[in-house]
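Notes to accompany the following structure.
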Amino acid sequence: VATLHAIKNTERPVRLISFEMDLDLLNFALEHSKELKYLEDYEDIIHTLLNEKTWTSKNINWELHLGDFLDRIETVNHRCHLVYYDPYSPKQNEAMWTTACFKKLRNK
C-alpha cells in the first residue's frame, strides 16, 4: 500500500508482483481497515487483487502469486528492479536467507 501511495500520480508504467503463501494477515487487515488507517481508500484495490489475483489502473499492474516464493519466482518472466524483502528473520524463515534464494532474486 505504501508503494501504491507513492506511485499513484506517476505517469510511468509500474508492475508490482507480490508473492504470498498465506493471505490471512491481509484479510485480517481488510476486516480492520477502519482501524488501520493506512488501508483507507485502498480496500477496493486489495479486494480486487485477492479475488482476481491482479489489479490494473491506467499505469499500474499489480499481480498476486500464491505459493512458495522459491518456487513461484521461477514462473515470473519480468526483471526485478526493486525488491521489498520481508521474509522475517533467518531464524524464522531460513530458506529465504540462503545464497540460493539471493541468486534466484539476482537472476530476475
Notebook entry, point to check: Quick one: side-chain contact (heavy atoms from CB on, under 4.5 Å) partners of Asp41, sequence neighbours excluded?
Noted result: none

Next item on the list: List for me each residue that meets ring pair (Phe, Tyr, Trp, His ring centres under 6.0 Å) alongside Phe102, sequence neighbours excluded, and say none if there are none.
Entry: Tyr85

Note to self: Within a 6.0 Å radius of atom CG on Asp22, are there more than 12 heavy atoms belonging to other residues, nucleotides or ligands?
What the structure shows: yes

Notebook entry, point to check: Mind checking whether Phe69 and Leu105 have side chains closer than 4.5 Å, heavy atoms only?
Noted result: yes

Check: How long is the gap from OG1 on Thr48 to NZ on Lys53, to the nearest 0.5 Å?
Finding: 11.0 Å

Margin query: Test of understanding: with side chain to side chain donor-acceptor pair (under 3.5 Å), list the residues that count as partners of Thr3, not counting sequence neighbours.
Written below: Tyr84

Checklist line | Listed partners of Glu43 passing side chain to side chain donor-acceptor pair (under 3.5 Å), at least two apart | finding: Ser33

Next item on the list: Mind checking the OG1-CD spacing from Thr98 to Glu94? Nearest 0.5 Å is all I need.
Entry: 8.5 Å

Check: Sequence neighbours excluded, which residues qualify as side-chain contact (heavy atoms from CB on, under 4.5 Å) partners of Leu23?
Finding: Glu20, Asn27, Leu50, Leu64, Leu66

When the side chains of residues 5-18 are checked against the rest of the protein, which donor-acceptor pairs come out under 3.5 Å, sequence neighbours left out?
{"unit_1": "His5", "atom_1": "ND1", "unit_2": "Tyr42", "atom_2": "OH", "d": "3.3"}
{"unit_1": "Thr10", "atom_1": "OG1", "unit_2": "Arg12", "atom_2": "N", "d": "3.3"}
{"unit_1": "Arg15", "atom_1": "NE", "unit_2": "Glu63", "atom_2": "OE2", "d": "2.9"}
{"unit_1": "Arg15", "atom_1": "NH1", "unit_2": "His78", "atom_2": "ND1", "d": "3.0"}
{"unit_1": "Arg15", "atom_1": "NH1", "unit_2": "His78", "atom_2": "NE2", "d": "3.4"}
{"unit_1": "Ser18", "atom_1": "OG", "unit_2": "Trp62", "atom_2": "NE1", "d": "2.8"}

Checklist line | For Tyr38 against Ala29, the heavy-atom pair lying closest together | finding: OH-CB, 4.4 Å

Margin query: If I compare all heavy atoms of Cys101 with all of Ala95, which pair ends up nearest, and what's the gap?
Written below: CB-O, 3.5 Å

Note to self: Between Leu36 and Leu30, is the side chain to side chain contact (heavy atoms under 4.5 Å, CB included) condition met? List the steps.
What the structure shows: CA-CA 9 Å; Leu36 301 170; Leu30 276 176; over 6 Å; no

Note to self: I need the minimum non-hydrogen distance between Trp55 and Leu4, along with the two atoms involved.
What the structure shows: CZ3-CD2, 4.1 Å

Notebook entry, point to check: Are the side chain of Lys104 and the backbone of Ile73 linked by a donor-acceptor contact shorter than 3.5 Å?
Noted result: no

